[in-house]
Amino acid sequence: MSDSAADEAPRRVYAPDDDHAFPDEKLNAILEYIKTDEEIAAYLEAQNVNAVDRMRYNDHGTKHIEIVRNRALCLYDLLKQGTVDFNGARQQGLEEEDESVIIALAATLHDVGHVVHRDSHAYYSIPLAADILDRILPEFYDVVDTVRMKGEVLHAILCHHRSETPLTTEAGVIRVADALDMEHGRSRIPYEHGGRGINTLSSQAISRVSLQEGDTTPVMVEIEMTNAAGVYQVDNLLKAKLEDSGLEDQIRIVALNTNENREQLVERIEL
C-alpha cells in the first residue's frame with residue numbers, strides 16, 4: 001500500500017513544510033541529503049533480497065523504510081505535542097533538534113543488516129550503519145557530536161527488535177514505528193508468490209493504519225482490518241513491540257473490523 005501525500009488518513013506522511021511540535025530545520029536538511037545518497041539507496045534495494053526473494057518474508061526494502069520513517073516522525077511529532085520527554089539526545093548533551101535526526105537516521109538504516117541475513121539482522125545492521133553514519137554525520141556535526149549522535153542512532157537500530165530493551169524514547173519510537181508498517185501492501189510480493197504464512201495472511205487483512213492525537217494519551221493508533229486474521233498483526237507484533245518500548249502509557253491502539261459483508265468474529269480491540 002502506498003503512503004502518499006494524497007492519503008486521507010491523518011499522520012501517515014511526514015511533510016517537511018508543515019508546522020511541527022519540534023525544531024525541524026536540521027532534520028529536513030538531512031532528509032534532503034540522504035534522499036539522493038547512492039549507497040543508502042543501494043542498501044535499501046539489496047536488503048530485500050534475503051527477506052523477500054529468498055525467504056518469502058514481508059517487504060523490508062525501500063517502501064518499508066519510507067513507511068517506517070514517515071510513521072516514526074509522525075509518532076515523534078504527536079509525542080512532542082503531548083510533551084513526552086525524549087532523553088536520548090538530551091542525556092548526550094545534544095540539542096532538541098537532534099532528537100528527530102536520531103529517529104530519521106535509525107529508521108532509514110535499521111534493516112540494512114538484511115543484506116547479511118534475516119536472522120539476527122539487527123546485530124548485522126550495527127557495523128553496516130556505523131560505516132554510513134561515519135560518512136554522513138560529519139557533514140552536519142563536529143567530531144564530539146558525531147560520536148554521540150552515532151551512538152544514539154545505533155542504539156535505536158539495535159533495539160528495534162524485541163531482544164534488546166530501548167533505553168531512550170527515541171529508540172522506543174523506532175521500535176513501535178517498525179511494527180506500524182502492517183498494511184496489506186507489505187505482503188504483496190510473498191502473497192503473489194504463494195506465501196501463506198501467518199505474517200503474510202495477517203497483513204493482508206490490514207487495510208489502513210493512521211496516527212492521531214488521543215483523548216487519554218498523546219497518540220492513538222487506529223487500525224482498520226477486513227477480517228480477524230489481522231488480530232495477529234495487532235496483538236502478536238504491534239502489542240509485543242509496544243511492550244517494553246517505554247511508550248506503553250503514551251500510545252493507545254484501537255483496531256476495528258470494517259468488513260460488513262460477513263460475520264465478524266472480532267469487531268474491536270483496544271490495547
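A distance of 7.0 Å separates CG in Leu75 from CG in Leu78, rounded to the nearest 0.5 Å. The NE2 atom of His161 lies 10.0 Å from the OG atom of Ser120; values are rounded to the nearest 0.5 Å. In this structure, CG on Leu238 lies 9.5 Å from CD1 on Ile206, to the nearest 0.5 angstrom. The line from OG of Ser245 to CD1 of Ile174 is 12.0 Å long, rounded to the nearest 0.5 Å. Atoms CD1 and CG, from Ile136 and Asp131 in turn, are 11.0 Å apart once rounded to the nearest 0.5 Å. Atom CD of Glu152 is separated from atom CD1 of Ile103 by 11.0 Å, given to the nearest 0.5 angstrom.
Between the Asp77 side chain and the His20 main chain, no donor and acceptor come within less than 3.5 Å of each other. Side chain of Arg56 to backbone of Asp53: a donor-acceptor contact under 3.5 angstrom is found. Judged by distance alone, with hydrogens and angles left aside, the side-chain atoms of His117 form a donor-acceptor pair with the main-chain N or O of Asp119 at under 3.5 Å. A donor-acceptor pair under 3.5 Å is formed between the side chain of Arg148 and the backbone N or O of Gln92. A side-chain donor-acceptor contact under 3.5 Å links Thr168 to the backbone of Ala171. Within the 3.5 Å criterion, the main-chain N or O of Thr217 finds no donor-acceptor partner in the side chain of Arg252. Side-chain N or O atoms of Asn50 include none that pairs as donor or acceptor with a backbone N or O of Arg118 at under 3.5 Å. Counting only distance, with no hydrogens or angles, the side chain of Glu170 and the backbone of Gly88 share a donor-acceptor pair below 3.5 Å. In this structure, the side chain of His160 does not engage the main chain of Ala107 through any donor-acceptor pair within 3.5 Å. Although no hydrogens or angles enter the test, the distance criterion places a donor-acceptor pair under 3.5 Å between the side chain of Asn48 and the main chain of His60.
Screening Glu139, Glu99, Glu97, Glu96 for a salt bridge (Lys or Arg N to Asp or Glu O under 4.0 Å) with Lys26, the sole residue that qualifies is Glu97. With His64 as the partner, the side chain to side chain donor-acceptor pair (under 3.5 Å) test is satisfied by one option alone out of Asp59, Asn58, Asp178: Asp178. No option in Val112, Val52, Thr62 other than Val112 meets the side chain to side chain contact (heavy atoms under 4.5 Å, CB included) test with Gln47.
Side-chain atoms of Asp145 and Asp98, non-hydrogen and from C-beta on, never get closer than 4.5 Å to each other. Residues Gln250 and Leu79 have side chains in contact (heavy-atom distance under 4.5 Å, counting atoms from C-beta outward). A heavy-atom distance below 4.5 Å is found between the side chains of Lys80 and Phe86. Arg69 places a side-chain heavy atom less than 4.5 Å from the side chain of Leu31. When side chains are defined from C-beta on, Leu128 does not count as touching Ile132, because their heavy atoms never get closer than 4.5 Å. Side-chain contact between Ile253 and Ile251 is present, with at least one heavy-atom pair separated by less than 4.5 Å. Within the 4.5 Å cutoff, the side chain of Val101 has no heavy atoms near those of the Phe140 side chain. Looking at heavy atoms from C-beta onward, Gln81 lies in side-chain contact with Glu213 at the 4.5 angstrom threshold.
Both Leu105 and Tyr33 are assigned to one and the same hydrophobic cluster, defined by single-linkage of ILVMFWY side chains at heavy-atom distances under 4.5 Å. Following chains of ILVMFWY side-chain contacts shorter than 4.5 Å, one cannot reach Leu167 starting from Tyr123, and the two form parts of different hydrophobic clusters. Residues Met182 and Val68 are members of separate hydrophobic clusters, defined by side-chain heavy-atom contacts under 4.5 angstrom among Ile, Leu, Val, Met, Phe, Trp and Tyr.
The shortest heavy-atom contact between Asp24 and Pro16 is OD2-O, 3.9 Å. Residues Ser125 and Gly113 approach most closely at OG-N, 2.8 Å, considering heavy atoms. Minimum interatomic distance between Thr165 and His155 (heavy atoms only, all atoms of both residues): O-CE1, 4.2 Å. In terms of heavy-atom proximity, Val234 sits nearest to Ala255 at CG2-CB, 4.0 Å. The heavy-atom pair separating Ile40 from Leu109 by the smallest distance is CG1-CD2, 4.4 Å. Residue Asp85 comes nearest to Thr169 through the heavy atom pair O-OG1, 2.9 Å, listed as atom of the first residue, atom of the second, then distance.
A salt bridge between Arg90 and Glu95 is absent, with no side-chain N of the basic residue lying under 4.0 Å from a carboxylate O of the acidic one. A salt bridge links Arg135 with Asp37: the closest approach of a Lys/Arg side-chain nitrogen to an acidic carboxylate oxygen falls below 4.0 angstrom. Salt bridge present: Arg71 and Glu183 bring a charged side-chain N and a carboxylate O closer than 4.0 Å.
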Inset, instruction - Step by step, work out the side-chain contact (heavy atoms from CB on, under 4.5 Å) result for Val254 and Ile223. - result: CA-CA 6 Å; Val254 177; Ile223 301 165; over 6 Å; no
Inset, instruction - Begin from the C-alpha positions of Tyr43 and Asp111 and carry the test side-chain contact (heavy atoms from CB on, under 4.5 Å) through to its verdict. - result: CA-CA 9 Å; Tyr43 266 113; Asp111 272 344; over 6 Å; no
Legend entry - Worked check of side-chain contact (heavy atoms from CB on, under 4.5 Å) between Leu27 and Leu73: CA-CA 10 Å; Leu27 167 66; Leu73 291 173; 4.0 Å; yes
Legend entry - Trace of the salt bridge (charged side-chain N to carboxylate O under 4.0 Å, His left out) decision for Lys150 with Asp134: CA-CA 8 Å; Lys150 179 180 174 182; Asp134 283 342; 3.0 Å; yes
Inset, instruction - Take His110 and Ile65 through the side-chain contact (heavy atoms from CB on, under 4.5 Å) test and state the conclusion after the steps. - result: CA-CA 8 Å; His110 75 278; Ile65 296 304; 3.5 Å; yes
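Counting heavy atoms of neighbouring residues, nucleotides and ligands inside a 6.0 Å radius, atom CG of Asp142 exceeds 12 of them. Applying the 6.0 Å contact sphere to CG of Asp19 captures no more than 12 heavy atoms from other residues, nucleotides or ligands.
The six-membered or imidazole ring of Tyr76 lies away from that of Tyr14, with a centre-to-centre distance of 6.0 Å or more.
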